[in-house]
Visitor: 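One structure, as structure tokens, below. Some questions next.
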Amino acid sequence: MKILHHILLAISTLCFYNTIAQDQLRVGINGGDPHLNAQVFITEGSYVVTYNDKQVLDLPAASQIELTAQGSLVTLKHQGKVIGNYQRLIIQSQEWESKFRLSATQASKKKSNYVYPDNLIVRALKGRLFLVNEASVERYVAGVTEAESGAKQELEYYKVQAIIARTYALANKDRHINEGFNVCDQVHCQAYHGIARYEYRIPIATWDTKDQVLVDSDINLITAAFHSNCGGHTLNSEYVWSKPLPYLVGRPDTFCLVMPHSNWEKQIPKEKWLNYLRSHEDFDFDEASDSLVMAFYPTERTRYFSDSLRNLRMTTIRRDMGLRSAFFVIDEDEEFVNFTGVGFGHGVGLCQEGAMRMARSGFRASEIIHYYYKEVHLIDKKYIDFFREE
Ligand SMILES: [Zn+2]
Ligand SMILES: [Zn+2]
């Protein structure tokens, strides 16, 4: 009986540490870039500064510290006095709702100023600071939901964005592991500016969907791609990236057609456009192709620009010409080529403006998700581990 008790205790201890690791995410602040200095101001709750698990300083509400780097050491200053130099400091929250404001200056002199939940990890290298916010997954999800979708949307829409943000974070938690964090706070991963502060529906949406993630038929977390506006039809993933995925398949979408980013126009000087096309080695420039590239009217979304330019993808033109989408027609006038397009973004997966309008029309979060992602399942994240152990 005693042995059984010890085994159970060992298992529960293991589960406890597992739970902590799974419920926290380390987010590289300002994309993990180096900083010249940082000030931390405790806005709510209290904190302690620790080095090697030893307490260096108490930080009650409204207290402030300054951090700079000397070689590979972090210099900690409090009330104008240097407290010491340390290899790695953790500004550790002491209450459930503790928050701090971080004002940081990047090596590029760019400043950032946001309020973060939970903990801050600080280390130094070559006279620069590197900052990581260790946040609970759910607070991170709420922060991403606000940064990626803004204010004044329906609760059901915020639930969709929260489920996507959570799925993305858990599917990509090794993306920056060599840099000492899980995900960065830029669009490279997902935009994150600390806690959600401006829209009361976002914490509710995050809480209502707590732990819910999207998986495919093999119970793998999906690549939850999304974009601003598809222009009336979403795209297969292989049109934009090389890999086809069974749940990222194109489908018609009329919901986004009346939304702000449904249409765009851009003029490019004729010579610039022709020189761009000529720079592609398989471009056979003659009069016939000249008229083709000046009057381009595809009736549906195409992957490549023309038969005479086999390797030129629409997505490449979008990137090189700085267009809002890869779905456009072309005509010419005297000096310019006129691009008239629909949509904004890569067009794969969920169309945000379509989803916003679906939510306004009364569709529920799960209906919106199943409209844009084919044959996916919404499950509690703990079942992923359950199925893995089978
Ligand atoms: Zn990233
Ligand atoms: Zn759309």
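Note that ligands are numbered from 1 as they come in the structure, with each ligand's atoms numbered from 1 the same way. What you see is a predicted model, and the numbers here were worked out from it, not measured in a lab.
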Visitor: What angle, to the nearest 10°, do the atoms SG (C189) and ND1 (H188) form about the Zn ion (ligand 1)?
Guide: 120°
Visitor: Treating Ile, Leu, Val, Met, Phe, Trp and Tyr as nodes and any side-chain heavy-atom pair under 4.5 angstrom as an edge, say whether I121 and Y51 lie in one connected cluster.
Guide: no
Visitor: Could you please spell out the steps behind the side-chain hydrogen bond (donor to acceptor under 3.5 Å, both in side chains) verdict for S93 and D118?
Guide: CA-CA 5 Å; S93 91; D118 306 323; 4.6 Å; no
Visitor: Mind telling me whether F255 and Y371 have parallel, tilted or perpendicular rings, with 30° and 60° as the class edges?
Guide: perpendicular
Visitor: Inspect the surroundings of CD in Q55 and state if more than 12 heavy atoms from other residues, nucleotides or ligands are less than 6.0 Å away.
Guide: yes
Visitor: For the residue pair W273 and F339, does the interplanar ring angle fall in the parallel (under 30°), tilted (30 to 60°) or perpendicular (over 60°) class?
Guide: perpendicular
Visitor: Please list, in chain and residue-number order, the protein N/O/S atoms closer than 2.8 Å to the Zn ion (ligand 2).
Guide: C230 SG, D253 OD2, C256 SG, C351 SG
Visitor: Among F100, Y140, F41, Y47, which residue meets the ring-ring contact (aromatic ring centres under 6.0 Å, His included) test with Y116?
Guide: F100
Visitor: Take the Zn ion (ligand 1) as the vertex and measure to NE2 of H176 and SG of C184; round to 10°.
Guide: 110°
Visitor: Does R360 come within less than 4.0 Å of E156, counting only side-chain N to carboxylate O?
Guide: no
